[in-house]
Amino acid sequence: MNQATPLAPTDLADCSATELLQLYRQRSASPVEATRAVLARIERLNPVLNAFCHLAPDEALAAAQASEQRWREGRPMGPLDGVPTSIKDLILTKGWPTRRGSRTVDPKQPWDVDAPATARLREAGAVLLGKTTTPEFGCKGETNSPLTGITRNPWDPSKTPGGSSGGTAAAVAAGMGPLSVGTDGAGSVRIPAAFCGNFGFKPSFGRVPAYPLSPMGTVSHLGPHTMSVRDAALMMNVLKRPDPRDWHSLPPDDSDYLTTLELGIRGLKIAYSPALGYAQGIDPEVAAAVQAAVRHLQDAGAIVEQVDPGIEDPLPITIGLWFAGAAAIWSGLSAEQRAVADPDFASEAEQGYKYSVLELHQLTLARGALGAHLRQFMQRYDLLVTPAVAVPAFDARPAGSVPLTPQNMLGWTPFSYPFNLTQQPACSIPCGLTQAGLPIGLQFVGPMFGDALVLRAARAYEMVRPIPKPPRPALAGADR
């Protein structure tokens, strides 16, 4: 940029996408400067956090240079032009291997297809940085694998970032790119958003097209990780464009999620359920922080009623359908591939083989009854509010460290998986810190197709409690 251009007011790696775009418009910063700042942050912090499994700095800088030229000419190609962005390593990205966190996937094969989310980001001008880590095939709520090792939490690197979008959440929270795309099959966007203290949004199923479809079936959603709700709405405007490769994708939604973002929540009817009627083992600090957040919602004008939706714990449904999906993947692996697989994934597949066809059909029917019940419940309320996860981030650990029982896998996140089964939109937004300085997440759940309303409510809460960034001392090890 011209030497007379004023310097950006802060480290560009700490800027949101919205702030970067404003700086580009004002010619106070350029996409090249922003991309260099983010790449420098990645070089410094990724050795500690292990959030990226594939980096393409030369490609990113080339894309940033092209974006900078477009901004100079006053013709940005899309709403994310020049914004550094990463993609979870379950999502196909042309020219880069998609290893899915697994040593069973051969990187030496043609990688010539962009998934719909990747294609939409390119069309919007996003600068793609690389791929973020995931456990093998996204199989668990923490991010570790024999392929990439342990990914760590930017608030405390001794803790897990959650999963399976743990690399995505850690990268965004640490300023290693303001935007990233994750996937959520049982909480895999919202769990790491809660643990890493960023905003994670799981849209209505089908709102963001997927290709190929998840082997785990119709529970897996794609959605944004950001450090502001506005960035997530901006990103959703891009990601929700239809794609014919996903036969589950919803009809086109041409609305602009930014237009209703600032309408507030005055008069909205919110059901507050501290435990969904069945959750146990909720950390007292989590419960207290969520209770305080609910008072903020009341102060903002929402009509809050404490009420449970009247459901039983659907963990058996989730586990059965998920383990059956794991068995389906396992059935396609050779003996050599199985020998190098994550022991946790192997355990899931082994348990999946134990379900009969009749049992799986019964689980599908039970899922349908759950979905019908919650659709009727949501006719009485605009939103449902719960904790995002029952506990703060726990210690990071290698794959295979504990027996993979249903409780060990998902028992500590009883608020996330129900809404994959029902396919409703849901998000996690930070609502406080524990005494140990770990983030706590608040979950908003909307009625099916109420994506804009969930974003609007999260934005209203963000106005009261802005999303904090991890303190520098938590990452002091990166400087040594």
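Below, all heavy atoms of this structure are taken into account, side chains as well, without hydrogens, waters or symmetry copies.
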Apply side-chain contact (heavy atoms from CB on, under 4.5 Å) to Leu147 and Ser102, showing your working. CA-CA 6 Å; Leu147 177 67; Ser102 178; 5.6 Å; no
Would Phe201 and Val208 count as a side-chain contact (heavy atoms from CB on, under 4.5 Å) if you check the C-alpha gap in whole Å, the side-chain angles of each, and the deciding distance to 0.1 Å? CA-CA 11 Å; Phe201 179 55; Val208 176; over 6 Å; no
Please test Lys94 against Thr118 for side-chain hydrogen bond (donor to acceptor under 3.5 Å, both in side chains), starting from the C-alpha separation and ending with a verdict. CA-CA 8 Å; Lys94 186 176 181 180; Thr118 311; over 6 Å; no
Walk me through it: do Val181 and Met235 pass the test side-chain contact (heavy atoms from CB on, under 4.5 Å)? CA-CA 9 Å; Val181 184; Met235 202 171 174; 3.4 Å; yes
Go through the steps to decide whether Lys469 and Asp14 satisfy the test salt bridge (Lys or Arg N to Asp or Glu O under 4.0 Å), and finish with yes or no. CA-CA 9 Å; Lys469 293 180 172 64; Asp14 288 325; 5.6 Å; no
Verify side-chain hydrogen bond (donor to acceptor under 3.5 Å, both in side chains) between Thr218 and Arg367, making sure each step is shown before the conclusion. CA-CA 11 Å; Thr218 57; Arg367 178 189 181 186; 2.9 Å; yes
Taking it one step at a time, do Leu121 and Leu179 satisfy side-chain contact (heavy atoms from CB on, under 4.5 Å)? CA-CA 10 Å; Leu121 290 169; Leu179 304 179; 5.7 Å; no
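More than 12 heavy-atom neighbours from other residues, nucleotides or ligands sit within 6.0 angstrom of CD on Gln109. The environment of Glu43 atom CD is sparse: at most 12 non-hydrogen atoms of other residues, nucleotides or ligands sit within 6.0 angstrom.
Looking at residues two or more places apart in sequence or on another chain, you find no side-chain hydrogen bond (donor to acceptor under 3.5 Å, both in side chains) involving Thr434. Checked against side-chain contact (heavy atoms from CB on, under 4.5 Å), Ala426 has the following partners two or more places apart in sequence or in another chain: Arg190, Lys202, Gln443, Val445. Scored by the side-chain hydrogen bond (donor to acceptor under 3.5 Å, both in side chains) test, Arg397 finds Glu142 as partners (sequence neighbours excluded). The side-chain contact (heavy atoms from CB on, under 4.5 Å) search around Asp283 returns Glu285, Val286, Pro392, not counting sequence neighbours. For Arg241, the salt bridge (charged side-chain N to carboxylate O under 4.0 Å, His left out) partners are Glu123, not counting sequence neighbours. For Phe205, the ring pair (Phe, Tyr, Trp, His ring centres under 6.0 Å) partners two or more places apart in sequence, or in a different chain, are His221, His248. Residues passing the side-chain hydrogen bond (donor to acceptor under 3.5 Å, both in side chains) test with Asp342 are Lys140, sequence neighbours excluded.
A donor and an acceptor atom, one from each side chain of Ser16 and Thr18, are nowhere located under 3.5 Å apart. Using a 3.5 Å distance cut-off with no hydrogens or angles, the side chains of Ser204 and Asp451 do pair a donor with an acceptor.
Taking the six-membered ring for Trp and the full ring otherwise, the centers of Trp412 and Phe394 sit less than 6.0 Å from each other.
Note on residues 167-192: no pairs pass ring-ring contact (aromatic ring centres under 6.0 Å, His included), not counting sequence neighbours. Counting only residues at least two apart or in different chains, salt bridge (Lys or Arg N to Asp or Glu O under 4.0 Å) contacts with residues 227-239 comprise Arg230-Glu262. The side-chain hydrogen bond (donor to acceptor under 3.5 Å, both in side chains) contacts involving residues 423-432 comprise Thr422-Gln424, where partners must be two or more places apart or lie in separate chains. Among pairs with a residue in residues 87-144, those fulfilling ring-ring contact (aromatic ring centres under 6.0 Å, His included) read His54-Trp96, Phe137-Phe345, at least two apart in sequence or across chains.
Residues Pro439 and Leu433 are in side-chain contact: their nearest non-hydrogen atoms beyond the backbone lie under 4.5 Å apart. Taking 4.5 Å as the limit, every side-chain heavy atom of Pro31 sits out of range of all side-chain heavy atoms of Asp81. Under the 4.5 Å side-chain criterion, counting only non-hydrogen atoms from C-beta, Leu23 is in contact with Leu12. In this structure the side chain of Leu129 never reaches within 4.5 angstrom of the side chain of Ser180, judged on heavy atoms. In this structure, the side chains of Leu39 and Leu61 come closer than 4.5 Å at one or more pairs of heavy atoms. Considering only heavy atoms from C-beta on, Val127 stays 4.5 Å or farther from Val38 through its side chain. Counting heavy atoms from C-beta on, the side chains of Asn144 and Pro398 never come closer than 4.5 Å. The closest side-chain heavy-atom distance from Pro76 to Trp71 is below 4.5 Å.
Between the Thr132 side chain and the Gly167 main chain, no donor and acceptor come within less than 3.5 Å of each other. In this structure a side-chain-to-backbone donor-acceptor pair under 3.5 Å is present from Asn50 to Thr148. Proximity of a side-chain donor or acceptor of Thr226 to a complementary backbone N or O of Ser228 within less than 3.5 Å is detected. No donor-acceptor distance shorter than 3.5 angstrom exists from the side chain of Thr183 to the backbone of Leu222, with no hydrogens or angles considered. Ser164 contributes no side-chain N or O that, together with a main-chain N or O of Ser188, makes up a donor-acceptor pair within less than 3.5 Å. A donor-acceptor pair is defined here as one N or O able to donate and one able to accept, closer than 3.5 Å; no such pair exists between the side chain of Asp395 and the backbone of Lys159.
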Check: residues 317-326 side-chain donor-acceptor pairs under 3.5 Å, at least two apart:
from	atom 1	to	atom 2	distance (Å)
Trp322	NE1	Glu348	OE1	3.1

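With rounding to the nearest 0.5 Å, the separation of OG1 in Thr134 from CG in Asp89 is 7.5 Å.
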